[in-house]
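Note that the structure is predicted; figures quoted are calculated from it, not measured. So you know, we letter chains A, B, ... as the sequences are listed, proteins then strands, and number each from 1.
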Number of protein chains: 2
Amino acid sequence: MNNKNCSRIFADQGQIRNCKNKLGTAQKSLTALSNILALAGNEVRLKMLYLLETEKELCPCDLADILGISIPAVSQHLRKLKDGSIVETRKVGQTIFYSLTQDNMEILQPFFKHINQHANELEKV
Amino acid sequence: MNNKNCSRIFADQGQIRNCKNKLGTAQKSLTALSNILALAGNEVRLKMLYLLETEKELCPCDLADILGISIPAVSQHLRKLKDGSIVETRKVGQTIFYSLTQDNMEILQPFFKHINQHANELEKV
DNA sequence: CAAGTATTTAAGCAAATACTTAAATACAAA
DNA sequence: TTTGTATTTAAGTATTTGCTTAAATACTTG
């Protein structure tokens, strides 16, 4: 009816109102989650997270070597991950070791499981 | 030693080689997963997925109304989700209903759980 | 067929991404 | 202190993203 976008007769205004309410309630967690997923949704960063999971900690220098990209590129990805509280740092001499924080493990852990499962499946073929 | 990027004495070449192998093995699943996460890593699209999960199916028109963005914007997001096999369509008259496929539920389901949990926590405060 | 409606596609644009190289820091060790 | 190393930051650029409006499709129905 009084719907600017959609004048479908069958448009269920109650449903639409209900949906808006749900989004309102979940707004903060939706924003937070999408931020984490956006970070993990870059292939290079996902590889970094996967490597940090398996290796416990790595320095930017090693990551650049493993991933085959420049050190500044690695550093900039790591900064984003650190800004998102996904990784933390430990300093040993002049080397800085990055590792995963526990903050978002509930979300990240299934990814690692998924990657390993599928990698194994491909191995078995 | 013979490492262009990193000449740390303590760089463990065995570890680095091992990491490269792991990435090679998991390459395909890393690419596939990062694609899905990139799609879900956009707040608007994450909302869409969340809504489709709770409502079973919705048309572009309703989504535009609920999300407060234009119909073409919705349509373009939906196309990306469809290209990624995350949603599928059902046609009723001239209305097209979008719904989640089961293909990536293993990955997506935890997100919905996470969103609901956190939304509930905020409610209780 | 003609008119209307739901959706998609096209075109254009501003903002965000992700990389590169070069310069700047920070620190360790000779 | 000087030199060298690990890292970060800055600057520049090409690409991608996500939106908008306008036009095109597809389909229904009078």
Side-chain angles (χ1 to χ4, degrees), chain A residues 1 3-12 16 31 34-35 37-49 57-84 87-99, chain B residues 1-12 16 31 34-49 57-84 87-99:
Chain A
M1 254 171 225
N3 182 335
K4 279 176 194 167
N5 291 323
C6 180
S7 52
R8 284 191 308 116
I9 290 173
F10 297 118
D12 180 340
I16 287 174
T31 301
S34 69
N35 284 336
L37 298 182
L39 288 171
N42 173 283
E43 187 169 335
V44 170
R45 283 193 297 265
L46 185 61
K47 285 177 180 175
M48 287 178 168
L49 297 176
E57 61 179 13
L58 287 166
C59 64
C61 175
D62 287 341
L63 282 168
D65 192 354
I66 296 164
L67 295 166
I69 61 175
S70 71
I71 292 179
V74 167
S75 180
Q76 285 157 22
H77 281 302
L78 287 170
R79 184 173 45 168
K80 289 185 181 184
L81 292 174
K82 196 174 182 184
D83 288 346
V87 302
E88 61 195 352
T89 54
R90 179 176 79 97
K91 204 166 191 177
V92 177
Q94 45 195 332
T95 301
I96 296 175
F97 286 100
Y98 282 79
S99 58
Chain B
M1 253 178 221
N2 34 24
N3 183 333
K4 280 176 193 166
N5 291 323
C6 179
S7 52
R8 286 190 308 115
I9 289 175
F10 297 120
D12 181 339
I16 287 174
T31 301
S34 69
N35 284 337
I36 295 169
L37 298 181
L39 288 171
N42 173 282
E43 188 169 335
V44 171
R45 284 193 296 265
L46 185 61
K47 284 178 180 173
M48 288 179 168
L49 297 176
E57 61 179 14
L58 287 166
C59 64
C61 174
D62 287 340
L63 282 168
D65 192 354
I66 296 164
L67 294 166
I69 61 177
S70 70
I71 291 180
V74 167
S75 179
Q76 285 157 21
H77 281 302
L78 287 171
R79 183 172 47 169
K80 289 184 182 183
L81 293 173
K82 196 173 182 186
D83 288 347
V87 302
E88 60 195 352
T89 55
R90 179 175 80 98
K91 205 166 189 176
V92 177
Q94 45 195 333
T95 301
I96 296 175
F97 286 102
Y98 281 78
S99 57

Indicate yes or no: at least one non-hydrogen side-chain atom of Arg90(A) is less than 4.5 angstrom from one of Val92(A).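 SC-SC contact between Arg90(A) and Val92(A) confirmed.
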Is any side-chain heavy atom of Val74(A) closer than 4.5 Å to one of Met48(A)?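 A side-chain contact exists here, since the closest heavy-atom pair is under 4.5 Å.
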Between [options], which one does the side chain of [X] approach most closely?
{"X": "Pro60(B)", "options": "dT7(D), dA26(C), dT8(C)", "value": "dT8(C)"}
{"X": "Asn42(A)", "options": "dT20(D), dA18(C), dT21(C)", "value": "dA18(C)"}
{"X": "Cys59(A)", "options": "dC19(C), dT7(D), dT20(D)", "value": "dT7(D)"}
{"X": "Thr95(B)", "options": "dT8(D), dA6(C), dG18(D)", "value": "dA6(C)"}
{"X": "Ala73(A)", "options": "dT7(D), dC19(C), dT20(D)", "value": "dC19(C)"}
{"X": "Lys80(B)", "options": "dC19(C), dT17(D), dT20(D)", "value": "dT17(D)"}

I need the [atom1]-[atom2] distance between [X] and [N], as an integer number of Å.
{"X": "Ile71(B)", "N": "dT21(D)", "atom1": "CD1", "atom2": "P", "answer": "12 Å"}
{"X": "Leu78(B)", "N": "dA6(C)", "atom1": "CG", "atom2": "C1'", "answer": "13 Å"}
{"X": "Glu43(B)", "N": "dA16(C)", "atom1": "CD", "atom2": "C1'", "answer": "15 Å"}
{"X": "Phe97(B)", "N": "dT8(C)", "atom1": "CZ", "atom2": "P", "answer": "13 Å"}
{"X": "Leu63(A)", "N": "dC19(C)", "atom1": "CG", "atom2": "P", "answer": "13 Å"}
{"X": "Asn35(B)", "N": "dT17(D)", "atom1": "CG", "atom2": "C1'", "answer": "15 Å"}
{"X": "Leu67(B)", "N": "dG18(D)", "atom1": "CG", "atom2": "C1'", "answer": "14 Å"}
{"X": "Asp62(B)", "N": "dA6(C)", "atom1": "CG", "atom2": "P", "answer": "10 Å"}

Check this one for me: any side-chain N or O of [X] less than 4.0 Å away from OP1 or OP2 of [N]?
{"X": "Arg45(B)", "N": "dT17(D)", "value": "no"}
{"X": "Tyr98(B)", "N": "dT8(C)", "value": "yes"}
{"X": "Ser70(A)", "N": "dT20(C)", "value": "yes"}

Run through Val87(B), Val44(B), Leu67(B) and flag the one making a side chain to side chain contact (heavy atoms under 4.5 Å, CB included) with His77(B).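 Exactly one option meets the side chain to side chain contact (heavy atoms under 4.5 Å, CB included) with His77(B), and it is Val44(B).
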Both Gln76(B) and Lys91(A) contact DNA chain C. Taking the nearest nucleotide for each, which residue is further toward the 5' end?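 Nearest nucleotide further toward 5': that of Gln76(B).
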Reading DNA chain C from 5' onward, which residue's closest nucleotide shows up sooner: Ala38(A) or Arg79(B)?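 By nearest-heavy-atom nucleotide position, the 5'-most residue is Arg79(B).
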Value rounded to 0.5 Å, distance of CZ in Phe97(A) from CG in Leu58(A):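 One finds 8.0 Å between CZ of Phe97(A) and CG of Leu58(A).
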Say you draw a straight line from OG of Ser34(A) to CG of Leu49(B); how long is it, rounded to the nearest 0.5 Å? 11.0 Å
On DNA chain D, compare the nucleotides closest to Val74(A) and Gln94(A); which residue's is nearer the 5' end?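 The answer here is Gln94(A).
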